[in-house]
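A quick write-up on the structure given underneath.
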Amino acid sequence: MSDLTAPTGRERELRAAPRDDGTAPRALVLGATGYIGGRLTPRLLNAGYRVRVLARDAARARSFAWGDDVEIVEGEAQNADAVTRAMHDVDVVYYLVHSMGGGKDFDARDAEAAHAVADAAAASGVRRIVYLGGLHPDGAELSPHLRSRVQVGEILLASGVPTLVLQAGVVIGSGSASFEMIRHLTEVLPYMPAPRWVRNRIQPIAIRDVLHYLLGAARVDATVNAAVDIGGPDVLRYGQMMNGYALEAGLPQRAIAALPVLTPRLASLWVNLVTPVPRAIARPLVESLQNECVMKNRAIDDLIPGPEGGLMPYRRAVSLALGRVDADGVETSWQDAEVSGAPSDPLPSDPDWAGRTVFTDERTVHTSAPVAEVWRVIVGIGGQNGWYSSRFLWALRGIMDRVIGGVGLRRGRRSRTRVRPGDAVDFWRVEAVREPTADAEAGGLLRLRAEMRVPGAAWLELRAVPDATGTRYEQRAVFFPRGLTGRLYWLAVLPFHGFIFAGMAARITAAAESGAAGSAG
């Protein structure tokens, strides 16, 4: 974990305080595979904690760089039995889960999870709960998502376990949904018609400072049971934040016009149209900006001193985030958040298909390029590299998906060159990755599960298999239709598969051969 940016967890004031018997304390992280949790977990390890994570998908948790260094309990926060198992012998619980894009009844699920965690923590003798909530004004009418986050904090504070609720507003860091929304709105639109909330005051905070406060929260005195605001040193209007981004990105200042007619719903549709952030995530982000989000006081300073050198100014946070994006060094991203309602079951093994309706499209191309070069192209598919066939048709399919409420093709990917299970790749989700090895006849495998809106379940498999003359590239699309609609859907797109999938196979192998020739030259 030596390549982590500050805070690394090794800072003296953030190191774990040993138990009374001298052993290292144990931290349980709920939401460890999310944007914040994926960054906090390795820093807790650096700080000297024994770390346990509760994860819906253990394989996804193991795919992180820290996956072999933590104990993984598989389950969901709403599952009282799983939470109770995870709480055994735990000193501090980090509660970092919420239903940002959770569909209907998200507030009931959030409350159910909070009660399960509160009850299990109290019964297990946990010494501290740390919850990352949302910055909000007192006495104002809050959006449903922000109201749910406040309710979760209240449930935890009433648990009988000392709880520290850290209430943060807009988080600025590479891969954060808030940063990506600002980034794409500013880059795409030279002139922006915007809702009235662009005039509201906001106190953004750098992801590094959020991590500093989260690490420090584990060491707060056991008598503290409170909700406190956290924020950076700058108080800005949203329009100022956009133009601050423009300055750091080398773009001209943007003209912004506040329009009274853009409701939160219309504004979220607008964000969905011009940024990669899908409507399900854009809506709660937009709604959270309806009120001014400014710290009410600096009570946090009496509990957790700020980082050495002070809190990070907004433009400095933007500059660092841009640097991480340019260097392909984004640790975690909003893109990898789970999509409500998307299929999550893995591809059944081939023998299990007996008696079921299944449609497939299989392609095989032999190439002189070495396996390593074909694999490099495969794991870089999507995002900026595209899909190696008709850009127009792929873009059209992405637009259609966004129109009907899906994530669309512009979600992109966290890294341009690396994938791990659970990563998002446009409107696919990485289900399995098997790196090719010299002694593996099966070669490398990348399996993607569709998260676009389709009447059924779909997967795309790409393989690089060594053979006597180079590499055998294998490509398979699998579709399990749902009812008559699913069958009609497959028949409707079948004419396009001939050149979309054939083009993919031909151009992926051609790109590998070109890369191999360039390396040899």
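Index from 1, following the sequence.
Ile205 is listed as a side-chain neighbour of Val171, based on a closest heavy-atom distance under 4.5 Å. The side-chain heavy atoms of Ile381 and Asn385, taken from C-beta on, include no pair separated by under 4.5 Å. Considering only heavy atoms from C-beta on, Thr5 comes within 4.5 Å of Glu331 through its side chain. Looking at Asn79 and Val83, their side chains never come closer than 4.5 Å, going by heavy atoms from C-beta outward. Inter-residue side-chain proximity for Arg149 and Leu142 is flagged as unmet; no heavy-atom pair is nearer than 4.5 Å. No side-chain heavy atom of Val51 sits under 4.5 Å from any side-chain heavy atom of Trp66. Residues Leu214 and Arg43 fail the side-chain proximity criterion, which asks for heavy atoms closer than 4.5 Å. Looking only at side-chain heavy atoms (C-beta outward), Tyr94 and Val92 come within less than 4.5 Å of each other.
Nearest heavy-atom pair across Ala27 and Leu44 is CB-CD1, 4.2 Å. What you find for Gly382 and Val425 is that their closest heavy atoms are CA-CG1, 4.1 Å. The two residues Thr41 and Ala32 come nearest to each other via the heavy atoms OG1-CB, 3.7 Å. Nearest heavy-atom pair, Ala55 versus Ala61, reported as atom, atom and distance to 0.1 Å: CB-CB, 4.0 Å. Taking both residues in full, the closest heavy atoms of Ile230 and Ile300 are given as CG2-CG1, 3.9 Å, listed atom of the first, atom of the second, then distance. Minimum heavy-atom separation, Met242 to Ile182: CA-CG2, 4.1 Å.
Between the side chain of Asp426 and the backbone N or O of Gly412, at least one donor-acceptor pair lies under 3.5 Å. At distances below 3.5 Å, not a single donor-acceptor pair connects side-chain atoms of Gln203 with backbone N or O atoms of Cys293. Arg413 contributes no side-chain N or O that, together with a main-chain N or O of Ala424, makes up a donor-acceptor pair within less than 3.5 Å. Side-chain N or O atoms of Arg414 include one that pairs as donor or acceptor with a backbone N or O of Val330 at under 3.5 Å. Distance alone, capped at 3.5 Å, places no donor-acceptor pair between the Arg416 side chain and the Gln384 backbone. With Asp229 contributing its side chain and Lys296 its backbone, the two residues share a donor-acceptor pair below 3.5 Å. The backbone N or O of Arg324 sits nowhere less than 3.5 Å from a side-chain atom of Ser174 that would complete a donor-acceptor pair. Without hydrogens or angle criteria, Arg50 side chain to Thr23 main chain gives no donor-acceptor distance under 3.5 Å. In terms of modelled atom types and a separation under 3.5 Å, the side chain of Glu74 and the main chain of Ala58 share a donor-acceptor contact. Under the 3.5 Å distance criterion, the side-chain polar atoms of Arg219 are matched with a main-chain donor or acceptor of Arg15.
Arg254 and Thr186 form no side-chain donor-acceptor contact under 3.5 Å, judged by distance and modelled atom types alone.
With sequence neighbours left out, the side-chain hydrogen bond (donor to acceptor under 3.5 Å, both in side chains) criterion links Asn243 to no other residue. With sequence neighbours excluded, the residues satisfying side chain to side chain contact (heavy atoms under 4.5 Å, CB included) with Ala299 are Val228, Asn297.
The distance from the OH atom of Tyr35 to the CZ atom of Phe179 is 9.0 Å, given to the nearest 0.5 Å. The distance from the OH atom of Tyr95 to the CD1 atom of Ile155 is 7.5 Å, given to the nearest 0.5 Å. The CD1 atom of Ile172 lies 10.0 Å from the CD atom of Glu180; values are rounded to the nearest 0.5 Å.
Listed by first and then second residue, the salt bridge (charged side-chain N to carboxylate O under 4.0 Å, His left out) pairs involving residues 198-210 are Arg201-Glu292 (not counting sequence neighbours). Applying the salt bridge (charged side-chain N to carboxylate O under 4.0 Å, His left out) test to every pair with at least one member in residues 59-68, sequence neighbours left out, gives these pairs: Arg60-Glu338. Among residues at least two apart or in separate chains, side-chain hydrogen bond (donor to acceptor under 3.5 Å, both in side chains) pairs with a member in residues 123-139 are Asp91-Arg127.
Cation-pi check for Arg420 over Phe64 is met; the charged atom lies under 6.0 angstrom from the ring centroid and within 45 degrees of its normal.
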CA sep, side-chain torsions, deciding dist, call: Arg19, Arg26, side-chain contact (heavy atoms from CB on, under 4.5 Å): CA-CA 9 Å; Arg19 291 174 170 177; Arg26 175 174 280 111; 4.1 Å; yes
| request: Given side-chain contact (heavy atoms from CB on, under 4.5 Å), test Ile72 with Val53 step by step and report yes or no. | output: CA-CA 5 Å; Ile72 301 172; Val53 305; 3.8 Å; yes
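Under 4.0 Å is where a charged nitrogen must lie from a carboxylate oxygen, and between Arg147 and Asp110 no such pair does. Between Glu76 and Arg109 no salt bridge is recorded (no basic side-chain N to carboxylate O distance below 4.0 Å).
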Solution key, residues 303-317 side-chain donor-acceptor pairs under 3.5 Å, sequence neighbours excluded:
unit_1 : atom_1 : unit_2 : atom_2 : d
Tyr314 : OH     : Met241 : O      : 2.7
Arg315 : NE     : Glu248 : OE2    : 2.8
Arg315 : NH2    : Glu248 : OE2    : 3.0

